[in-house]
**Q** 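After the structure tokens below, expect a handful of questions from me.
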Amino acid sequence: MIETKEISWAAETPSTDKNNSEPWKIIIVDDEQDVHTVTKMTLKDLTFTDRRLCFLSAYSAQEAKRLIEENPDTAIILLDVVMEHDDAGLKFVRYVREENKNRLVRIILRTGHPGLVAEDKVLIEYDINDYKVKSELTDRRLTNSIIISLRAYKDIVTLDALRNHLEDIVKERTCELRAAKEKAESADRAKSDFIANMSHEIRTPMNAIIGLCHIMLQTELSAKHRDYLNKIHSSAKSLLGIINDLLDFSKIEAGKLALESIDFDLSTILDNIVNMLTMKAEEKGVEIIFSIHREVPFLLVGDPLRISQIIINLVTNAVKFTEKGEIVITVKALERLDSNDLTKVTLSFSIRDTGIGMTPDMLSNLFKPSTQADSSTTRRYGGSGLGLSICKSLIEMMKGEIYAKSVYGKGSIFTFTVTVGCQQPCKPPCYDTPSDINGMRVLVVDDNLIFLEALKDILESFNFMVTTVDSGKAAIRELLRVSSLTEEEQYKLAIVDWNMPQMDGFETIRQIKERLNLPHTPQIIMVSAHGREDVRNKLEQMGIRSFLTKPVQPSALFNAILEVFSEDTGLQKKRYVFRFTEHERLANIKGARLLLVEDNYVNQIVAQEILSKAGFMVDVANNGLEAVRAVESGVSYAAVLMDIQMPEMDGFEATQRIREIKSKEDLPIIAMTAHAMTDERQRCLAVGMNDHASKPIDVDGLCNTLLKWIQPNPQYVVSAAGTQTSQEGVVKIDAPVDINNRLTVIVELSRLLRQYSQHTIDYFHKNQSYLISASNAKDISELTEHINKSNFRNAAISLKKIARSFNMSVW
């Protein structure tokens, strides 16, 4: 039995309820009329929080169910246990709590049979709020029980209303957040679509620049033109890297950027920096110097594009903010794993300049997005200030850190670390120095003391004995000093800077060669921060065999030394093992027929030239519809290179149509598209393509992809070898030509002859072999002559004759 204190209910605080005019509803459930009458008489004058009581009577559990359904705001139920049958009251409680789900109403159980059910059982199991024995229930006790129950009910209702209000607020906020999230996602999608579309538009001309550079570098060129093309090629590829960073920038913010883990050569990254930035540094009279510690391994595993992007960004800033002096790029190996597992190394890169420097306030905001060192720097030097923020994010993803030190007006030092893998074995580069120059004495002449120290360290790693001097006059004195010593003690090599005060490199070399009358004149290599053509020409006139542009890489210096000492013998030792060319790597699949599906004319030329030079036979389809027809014609293609965005039928639909004819195993389809987003790659694979190669075409990567999917076939090589050109310029084919392809070429050529363009000539020469037939050799000869002379009208007449021999009508 619950013990209750006698309370003075009349003193209850007046209500502030909004509905204080509504009475408190109490349902009396009992099968005895007297109980109803006595209860109402006892409680008739009772008020609670200025609200009267309203009594509803039910004489059975069934009537009580109806009342509770009609009055869901009932405050109290006074319930008899025994009515129609012994447990009717308890069954009604089950209904209220479980079926009606009314958890707020207070239930006071009254019984005249106290031994029928245990008090603790009904209170706990049936969720009863109070238990009273009728014979012990006085008016005062009944009144106190009602007051306590009403107070509890009021508090519960208030809390429930507050809970509902909070739930409504949460629902409202959730809807607002969902709407905001959808809006943000829509904005992100729009941004991603914009970046992807812009990337596609930029990559299309980039494909032409990089592809044509690659093609031209395979031809005979002068040293100057080859140097120019190498710089264009390297710069274009670096620009491509920046485009890739733009594509991934949104993923950095979302934490979804995936780093690559591939083999790379650190020297390649440094070579790119040389090719990209030395010209700009030269224009400003600033020297770039490498200081690479001997323990640094060069053959690494990681993401070369990101590491390259970080270094290029920092060095570009250094060149931008430095008006005179030098920029020193230092690379160190800080930490390796223990001797049991030398698979990783932490590298430290430091870029020190003699530029404008920064104040402490500038340093504190340096790595925040869109922050410049000074508000005036944007106007003076350009730039958005976003680069350092991107660098910081990339470095942290590679388990590294970046920090800067600076003295305003004197320069800055940016240092960052990255942890990368090492290609086994994990060791610094080993230079195989020929025995006849191993241990030779080398004289280095330069007025820049930092460069002297850096070059000395590199030369000593080649196992040379090195002496450094800071001027041409000091070099003359040193050479004269050793001239009386034994041959082994004299200098075999002198490395001389061009731009020195008082006595420049030319005068120093002239005196060494003409005035000193040395018993053993050393070989000479000139170095300069300026790659001017007039310097090269003058050196050739003076008989100097080698010229290096700063910054000097160890591998470039080593090869230059080998060249000057082995020019007569033809010895050309390299630092790394011989690397197969594309032609040698593709030897087993050379001659395979590929279907190139591409709508852009320039891209067709680039891809055809690259693939043809690699030994493939290439058919071209201008859109997806032509590609499907080519496959349906029955030609045996080894692979299809499929563009995505094309008129008439795009690459996705074309792939789905081709997959109805050929499976992935029978005909590999490789997406070759300017779309480089990750989701685009996934979409390509989802529609049935085997692989994805982004534009601009990376020849090395494309070779790997073709080797992955094309199975070697002896017929490929035979087919390729069976093609030769006669003296008249007409292609002769020993192997049979597919008749369907011949007809396709006739139809396409007839269409192109109406356009009167260079495209017509190029298409004819690329597909000339398909028109060969013993019965119409004269017509082929006429057609060739007319097209070569761009006489397209007569060429069309000749083509009509050829078409008629196949019972075709093309006009």
Side-chain angles (χ1 to χ4, degrees), residues 208 211-212 215 219 593-613 616-623 625-627 629-630 632-635 637 643 646-648 719-720 722-811:
L212 292 172
I215 293 167
T219 63
R593 186 177 298 283
L594 305 178
L595 178 61
L596 173 67
V597 189
E598 170 66 63
D599 65 311
N600 184 281
Y601 172 56
V602 177
N603 286 344
Q604 287 180 359
I605 294 175
V606 170
Q608 275 189 298
E609 189 73 21
I610 291 173
L611 293 168
S612 297
K613 284 184 177 294
F616 293 103
M617 301 180 70
V618 185
D619 294 345
V620 178
N622 294 294
N623 54 59
L625 186 59
E626 291 185 14
R629 289 172 179 168
E632 289 175 339
S633 70
V635 178
Y637 291 112
D643 190 21
M646 294 179 291
E648 295 191 57
S719 177
T723 303
Q724 59 182 353
T725 304
S726 70
Q727 293 180 352
E728 292 79 13
V730 179
V731 180
K732 293 184 178 180
I733 304 293
D734 296 335
V737 177
D738 187 274
I739 186 67
N740 291 314
N741 257 39
R742 184 181 294 158
L743 302 181
T744 300
V745 170
I746 291 174
V747 172
E748 178 64 11
L749 186 58
S750 67
R751 182 180 71 83
L752 292 174
L753 283 172
R754 302 187 189 101
Q755 297 180 2
Y756 297 86
S757 69
Q758 180 64 35
H759 189 185
T760 308
I761 300 173
D762 294 333
Y763 181 85
F764 171 73
H765 286 298
K766 293 297 181 185
N767 298 277
Q768 195 175 16
S769 60
Y770 291 108
L771 300 178
I772 300 300
S773 173
S775 61
N776 59 8
K778 182 178 179 182
D779 293 334
I780 292 291
S781 179
E782 286 182 2
L783 178 64
T784 303
E785 181 181 358
H786 292 320
I787 288 182
N788 287 338
K789 293 181 179 179
S790 298
N791 190 340
F792 293 158
R793 185 177 300 278
N794 289 336
I797 296 173
S798 298
L799 186 63
K800 282 184 180 181
K801 296 178 183 177
I802 296 171
R804 280 197 296 270
S805 67
F806 296 103
N807 296 318
M808 292 179 63
S809 177
V810 293
W811 272 282

**Q** With sequence neighbours excluded, what pairs up with Asn623 under the side-chain contact (heavy atoms from CB on, under 4.5 Å) test?
**A** Leu625, Glu626, Met646, Glu648
**Q** List the atom of Asp619, the atom of Tyr637, and the distance in Å for their closest heavy-atom pair.
**A** OD2-OH, 2.9 Å
**Q** Provide the closest heavy-atom pair for Ala621 versus Ala627 in the form atom of the first, atom of the second, distance.
**A** CB-N, 3.7 Å
**Q** For a side-chain contact (heavy atoms from CB on, under 4.5 Å) check, start with the C-alpha distance between Leu594 and Leu596, then their side-chain angles and the critical distance, and finish with the verdict.
**A** CA-CA 6 Å; Leu594 305 178; Leu596 173 67; over 6 Å; no
**Q** Could you tell me whether the side chain of Gln604 and the main chain of Glu598 form a donor-acceptor pair under 3.5 Å?
**A** yes
**Q** If I compare all heavy atoms of Ala630 with all of Leu595, which pair ends up nearest, and what's the gap?
**A** CB-CD2, 4.0 Å
